[in-house]
Every structure is written in C-alpha cells, then in structure tokens.
Amino acid sequence: MSSDASFCLWNSNCHELLLSAQDSGANMHLECCCLWQGEPTCIKLEGLLREVNGREAQFFVRNMALQAPNPKAEVNSGAYYFSVKRQIAEDAAVRVGVYGTGSILETVVGPTGELVYMGMRFSRHVSVRQLRNGKRIPWCDEYSRMASVLIAPNRPDTCNDLRALLRAYSKETAPQTHIIDISEGGACVCMPDELAMPSFGGDPTYLFFLHPSVVPATVPPYVFLAKRAGFGKNVDNDGVAVRLRFQEELDWNARRSRLHWINVRGGSPRLRQCLLHYPDQVPNSEKSA
C-alpha cells in the first residue's frame with residue numbers, strides 16, 4: 001500500500017471519494033482481519049467498490065491472499081488504499097492516493113466457499129495525498145547544459161523581470177545546486193541551507209530552470225515556478241535535498257508583451273516528452289562513483 005505521497009491536500013469528504021472510486025472502477029487494496037473458515041485470519045485483498053451509500057459500501061473481491069497471523073490485529077477491521085484522479089483546475093487534474101480504515105459489517109461467500117464481497121463501513125477520516133506524475137528520473141550533471149534554482153521574490157511578469165532573475169545565474173555566482181531526480185511534476189534538488197530554508201521564512205516560490213542536453217541549444221530552457229513540497233534523503237553532506245512541486249511553466253510559444261505561465265500542477269506535458277529520452281536508472285558509472 002505504499003505510494004509516492006508527499007503531502008496532505010485536503011480533508012476530503014469520505015462519501016465523495018468512495019463514489020469516485022466506484023465510478024472510476026478504481027482498484028482498492030484492503031488489508032484486514034476477519035473470520036475465515038471459523039478462525040480469525042489476516043487477509044490481503046484487491047477489489048472494487050459497489051453500492052456506495054454514505055460511508056457504507058460493498059467491497060467485491062477480485063484477488064485474495066492469506067497473510068501471516070498477527071495477534072494484535074482486530075477482527076472485522078482493516079486499512080485500505082486506492083487512487084483516483086481529482087480535478088484541481090479547469091485544465092489540470094492530479095492523481096491522488098486515498099488512505100483510511102474501515103469495519104467489516106458482513107462477509108458473503110460463494111457456493112464453493114470463495115469470498116465474494118464484504119459489507120464495509122469506512123471511517124470519516126481519510127488521508128488524501130498527491131501522487132507523483134510519471135516516472136522519476138535519477139539525474140546526472142551531464143544530462144543538462146544548464147540547470148539551477150533561485151528564489152523568486154515576485155512572480156516574473158515581463159521578459160525584463162525574468163532577465164533580472166536569470167542574471168543572478170552565472171558560473172561565478174550560481175547557487176551550488178544539483179538535481180537529484182526529476183519528474184514531469186517536480187524535482188528533488190540539493191541546495192544550500194540558505195536557499196532551502198531562507199531567513200525570511202514563509203513559503204518561498206522558486207524559479208527552477210533546466211536546459212536538457214538532449215534538446216538543441218537553440219531550444220528555450222524549461223522554466224518553472226515551484227513550491228517546496230518537503231525534504232528528501234540527502235545524498236551527500238553538501239546541502240539539503242528539497243522536493244519541489246512545479247506550479248507553473250513558462251510558455252515560450254505565447255507572443256505577448258507579458259509572460260504567459262501555464263498551470264502544470266498536474267504535470268508538464270512538454271517535460272514529460274523530454275524525459276522519455278533519459279533512463280530511469282542511474283548509469284553504472286554513476287553508481288560506482
């Protein structure tokens with residue numbers, strides 16, 4: 001039941017989420033303890049929700065596997081997980097993982113003794129967490145011509161605003177940052193303490209820019225506004241591993257006097273296509289370094 005969840009999005013309505021799982025045919029994973037063949041038994045199940053009514057529903061079993069006995073398990077209770085898509089804007093959707101607990105009200109078996117479905121009542125409290133978009137690519141320095149992260153005190157609205165920010169990037173003055181991994185929805189970047197946790201506090205906005213080596217030098221770089229989503233595992237002692245979630249991407253195709261930023265909270269289609277050219281495993285030379 002693991003996921004790449006990173007932060008809680010909202011305290012969502014349990015009934016609404018159960019309906020979403022039912023309507024989309026989401027595969028639900030359930031780990032529970034119930035009476036099976038007259039004995040308390042720990043079971044891992046996969047199945048579909050049907051007949052959702054408030055916080056109650058029928059869980060139809062598709063796969064079942066017996067687990068090792070757990071003396072602390074409570075009979076007729078369990079924990080579940082499923083994922084569904086949620087619309088976060090008119091033109092953006094994200095996949096979220098839903099986690100919670102529930103009680104088993106009844107079990108129904110078939111003519112040959114197989115478990116057909118369970119009547120369930122789900123708890124009011126659910127955790128809803130955004131999942132990673134697409135593959136996460138471990139990044140190497142040679143994968144990019146140029147890459148860095150800066151704090152953007154204000155959202156760049158004109159080319160002059162952007163130039164002023166990018167002027168801070170040079171071989172002499174660039175913050176010592178390097179990309180640990182990247183996906184279409186965000187990146188994990190190792191950065192110095194003053195960039196990871198700026199003295200002014202609050203929730204800083206970052207300008208993340210990347211010029212991948214697989215695209216021609218004449219192609220404009222990828223430029224994102226990003227928010228800090230958490231901290232990753234440090235790979236060295238030279239900084240803090242910060243997880244950034246992309247919020248907006250600069251649209252280079254828009255011929256306007258003011259910059260045009262695209263909502264990419266559901267992931268960047270342009271970056272997704274670019275990342276297909278990179279392996280999703282670290283090269284052997286990097287592993288042995």
Side-chain angles (χ1 to χ4, degrees), residues 1-88 92-136 183-185 265-267 280:
M1 294 189 185
S2 63
S3 77
D4 190 50
S6 57
F7 59 94
C8 188
L9 289 177
W10 61 79
N11 292 323
S12 200
N13 180 279
C14 179
H15 172 66
E16 177 188 345
L17 290 166
L18 295 175
L19 277 178
S20 294
Q22 173 184 267
D23 295 344
S24 64
N27 192 42
M28 175 182 274
H29 301 260
L30 174 67
E31 292 185 1
C32 65
C33 179
C34 66
L35 291 176
W36 176 249
Q37 298 179 346
E39 297 289 335
T41 306
C42 293
I43 306 176
K44 187 175 183 179
L45 305 156
E46 292 184 26
L48 301 172
L49 285 180
R50 295 289 182 266
E51 304 296 330
V52 172
N53 181 17
R55 291 188 293 114
E56 296 185 6
Q58 294 176 356
F59 174 72
F60 277 80
V61 178
R62 303 170 74 181
N63 293 298
M64 169 180 163
L66 300 182
Q67 303 290 94
N70 180 359
K72 296 183 179 180
E74 185 178 342
V75 178
N76 290 332
S77 66
Y80 68 88
Y81 162 78
F82 61 84
S83 66
V84 291
K85 280 191 174 181
R86 302 285 289 183
Q87 203 73 24
I88 59 172
V94 296
R95 181 161 291 278
V96 297
V98 182
Y99 310 77
T101 58
S103 301
I104 300 168
L105 305 179
E106 64 171 336
T107 56
V108 177
V109 297
T112 58
E114 76 279 10
L115 186 57
V116 178
Y117 74 84
M118 293 176 166
M120 302 281 301
R121 177 181 293 126
F122 299 96
S123 61
R124 283 189 177 87
H125 177 75
V126 291
S127 294
V128 184
R129 297 178 181 272
Q130 183 171 337
L131 303 179
R132 182 177 70 241
N133 291 302
K135 293 192 302 182
R136 178 179 291 165
S183 73
E184 64 188 78
R265 290 178 176 86
D280 56 3

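Computed from a predicted model, the values in this text were never measured in an experiment.
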(request) Look at the rings of Y99 and Y81 and say which category their plane angle falls in: under 30° parallel, 30 to 60° tilted, over 60° perpendicular. (result)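 Because their plane-to-plane angle lies in the 30° to 60° range, the rings of Y99 and Y81 count as tilted.
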What's the separation between atom [atom1] in [X] and atom [atom2] in [Y], rounded to the nearest 0.5 Å?
X	Y	atom1	atom2	value
F60	E51	CZ	CD	7.0 Å
M120	L18	CE	CG	10.0 Å
L115	W36	CG	CH2	5.5 Å
C33	N70	SG	CG	8.0 Å
L45	N63	CG	CG	9.0 Å
K44	L30	NZ	CG	11.0 Å

How close do [X] and [Y] get, heavy atom to heavy atom, and via which atoms?
X	Y	answer
C32	M118	SG-CE, 4.0 Å
S127	H125	OG-NE2, 3.8 Å
V126	V98	CB-CG1, 4.4 Å
G110	V116	N-CG2, 3.3 Å
G47	F59	N-CZ, 3.4 Å
V84	S24	CG1-OG, 3.9 Å

(message) My understanding is that only one of V52, T101, L49 makes a side chain to side chain contact (heavy atoms under 4.5 Å, CB included) with F122; could you say which?
(response)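 It is L49, the one option of V52, T101, L49 that forms the side chain to side chain contact (heavy atoms under 4.5 Å, CB included) with F122.
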(message) Quick check on side chain to side chain contact (heavy atoms under 4.5 Å, CB included): which of T107, V61, V108 does Y117 satisfy it with?
(response)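 With Y117 as partner, T107, V61, V108 yield a single side chain to side chain contact (heavy atoms under 4.5 Å, CB included), made by V108.
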(message) How about CD on E74, more than 12 heavy atoms from neighbouring residues, nucleotides or ligands closer than 6.0 Å, or not?
(response) no
(message) So, using side-chain contact (heavy atoms from CB on, under 4.5 Å) as the criterion, who are the partners of L48 when residues are at least two apart?
(response)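 side-chain contact (heavy atoms from CB on, under 4.5 Å) check on L48 returns R50, R62.
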(request) Using atom types as modelled and distance alone, determine if a side-chain donor or acceptor of E31 lies under 3.5 Å from a backbone N or O of G78. (result)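 No: the side chain of E31 does not pair with the backbone of G78.
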(request) Look at the side chain of R121 and the backbone N and O of E56, then say whether any donor-acceptor pair between them is shorter than 3.5 Å. (result)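 The answer is no, because no donor-acceptor pair under 3.5 Å joins these two groups.
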(request) Using distance alone, with no hydrogens and no angle criterion, decide if E114 and T112 have a side-chain donor and acceptor under 3.5 Å apart. (result) yes
